[in-house]
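No experiment lies behind these values; they were computed from the predicted model shown. These values consider heavy atoms only, across backbone and side chains, with no hydrogens, waters or symmetry-generated copies.
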Amino acid sequence: MVLSFLAACAASSLIALAVALQAMEARSVPAGHGLRLSLLGRLARRPRWLGATALAVLAWPLQTFALLDLPLTVVQPIDAAGLLLLLVLGARILHEPVGRRERLAAAGIVLAVTGLAWVAPARSPTLARWQDLAPPLIVLGALGLLPVLARRWAGAHGMVAVVGAGCAFAWGTFATKLIADALIHGDPAALLILVPATAVTGVVAMLSEMTALQHRPATQTAPVIFVIELLVPVALAALVGGEGWSGDPAAVALRVACLAVAAASVILLAAAPAVAGLVQAGSRASSSDPSARSPTAPARAESPTA
């Protein structure tokens, strides 16, 4: 259990660092590549972006390992703890002051994770029924694909890309819980379906996220994505994923309260100057690249050639 908790903490830190480093590069690619595979092609030529992506990939097996012993309702809120690392790095590197709001948000994340660990249901040994899982997964997957499918209608600059990225990441997170279940029960058929689907969903999520970071500051993008990725998988785990919250009404109320505190803390912390400034500083630094554009300038339309 201790190793699983540490693995979840390590995964959250890697994911947070990956988001910050990827954002530094995404804003330097011409906006005409938004929601196109050419965007990832351009970014794949940048060593820093590749390194950040490697961190995100490394986080996935760590999270899967944590889910072998801990319920998703505990592991997923721990992801919010990664923002604490960005807060510390932003304060030390940029010398941004950490005010009362940041301290309150950091304390809220710690208290929320502690409370959820205290009242979390035991790791369910039973597999969820596909009849229950299919409808919500189809709906969530469709929302995750919407930015790519509706690119010409909605454009690449709207909140559609932000919400789509959050839904795609949420799909992948819940699928990771199902992969852990399949590993426990030795279900190779489920693994053959879930592992490739999770990989494809991860690419779609990354494409939408990188597009959103091209057009919107991290203060607007990160909170929405983090909150969707936090709350949706936990809700699915409780409703259809076999991690039932039945039992003492007081314990259920405490779980809901802890999730609300975690979500509010994520919103406050992701918009903090020390966190957002860490990303924006990278954007300004990347403007020295001849192909980069200013993070404050309007998006320059360019016909993608890559």
Side-chain angles (χ1 to χ4, degrees), residues 11 13-62 82 85-86 89-90 93-94 144-145 147-149 151-152 155-158 160-162 164-166 168-169 172 195-222 225 229 275-306:
S13 299
L14 292 175
I15 291 171
L17 282 174
V19 169
L21 292 171
Q22 286 173 333
M24 294 177 183
E25 298 292 348
R27 295 179 66 85
S28 64
V29 176
H33 295 274
L35 292 177
R36 298 176 183 269
L37 288 177
S38 60
L39 171 59
L40 298 183
R42 288 288 185 99
L43 291 171
R45 302 172 188 173
R46 299 169 182 265
R48 182 165 59 179
W49 188 86
L50 286 176
T53 303
L55 293 178
V57 171
L58 180 60
W60 185 68
L62 289 173
L85 176 61
L86 293 186
L89 291 176
I93 295 174
L94 303 178
L145 288 171
V148 178
L149 298 178
R151 177 176 56 85
R152 295 185 180 278
H157 59 279
V160 174
V162 179
F169 279 123
V195 172
T198 303
V200 171
T201 305
V203 173
V204 172
M206 190 181 302
L207 181 60
S208 295
E209 182 187 33
M210 295 300 99
T211 299
L213 289 169
Q214 281 187 306
H215 297 273
R216 291 177 174 270
T219 52
Q220 297 177 14
T221 303
I225 294 176
E229 190 181 0
V275 175
L278 190 65
V279 175
Q280 299 304 330
S283 298
R284 287 193 295 271
S286 65
S287 64
S288 60
D289 188 323
S291 65
R293 63 176 178 86
S294 169
T296 58
R300 176 172 59 87
E302 176 184 301
S303 175
T305 57

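You'll find the side chain of Arg45 stays beyond 4.5 Å of the side chain of Leu50, heavy atoms only.
Taking CG of Leu43 as the reference point, atom CZ of Arg48 lies at 11.0 Å (rounded to 0.5 Å). Between Thr53 atom OG1 and Leu58 atom CG the span is 12.5 Å, to the nearest 0.5 Å. How far CH2 of Trp60 is from OG1 of Thr198: 6.5 Å, rounded to the nearest 0.5 Å.
Scanning all heavy atoms of the two residues, the minimum distance from Met206 to Trp49 falls at SD-CZ2, 3.3 Å. A pairwise comparison of heavy atoms in Ser208 and Gly144 identifies OG-O, 4.5 Å as the closest pair. Taking each heavy atom of Thr201 and Ala168 in turn, the nearest pair found is CG2-O, 3.1 Å. Among all heavy-atom pairs drawn from Val162 and Ala212, the shortest one is CG2-CB, 3.6 Å.
Every residue two or more places apart in sequence or in another chain that forms a side-chain contact (heavy atoms from CB on, under 4.5 Å) with Leu17 is listed here: Leu55, Leu85, Leu86, Leu89.
Under the side-chain contact (heavy atoms from CB on, under 4.5 Å) rule, Val148 has a single partner from Thr211, Leu207, Val160, which is Leu207.
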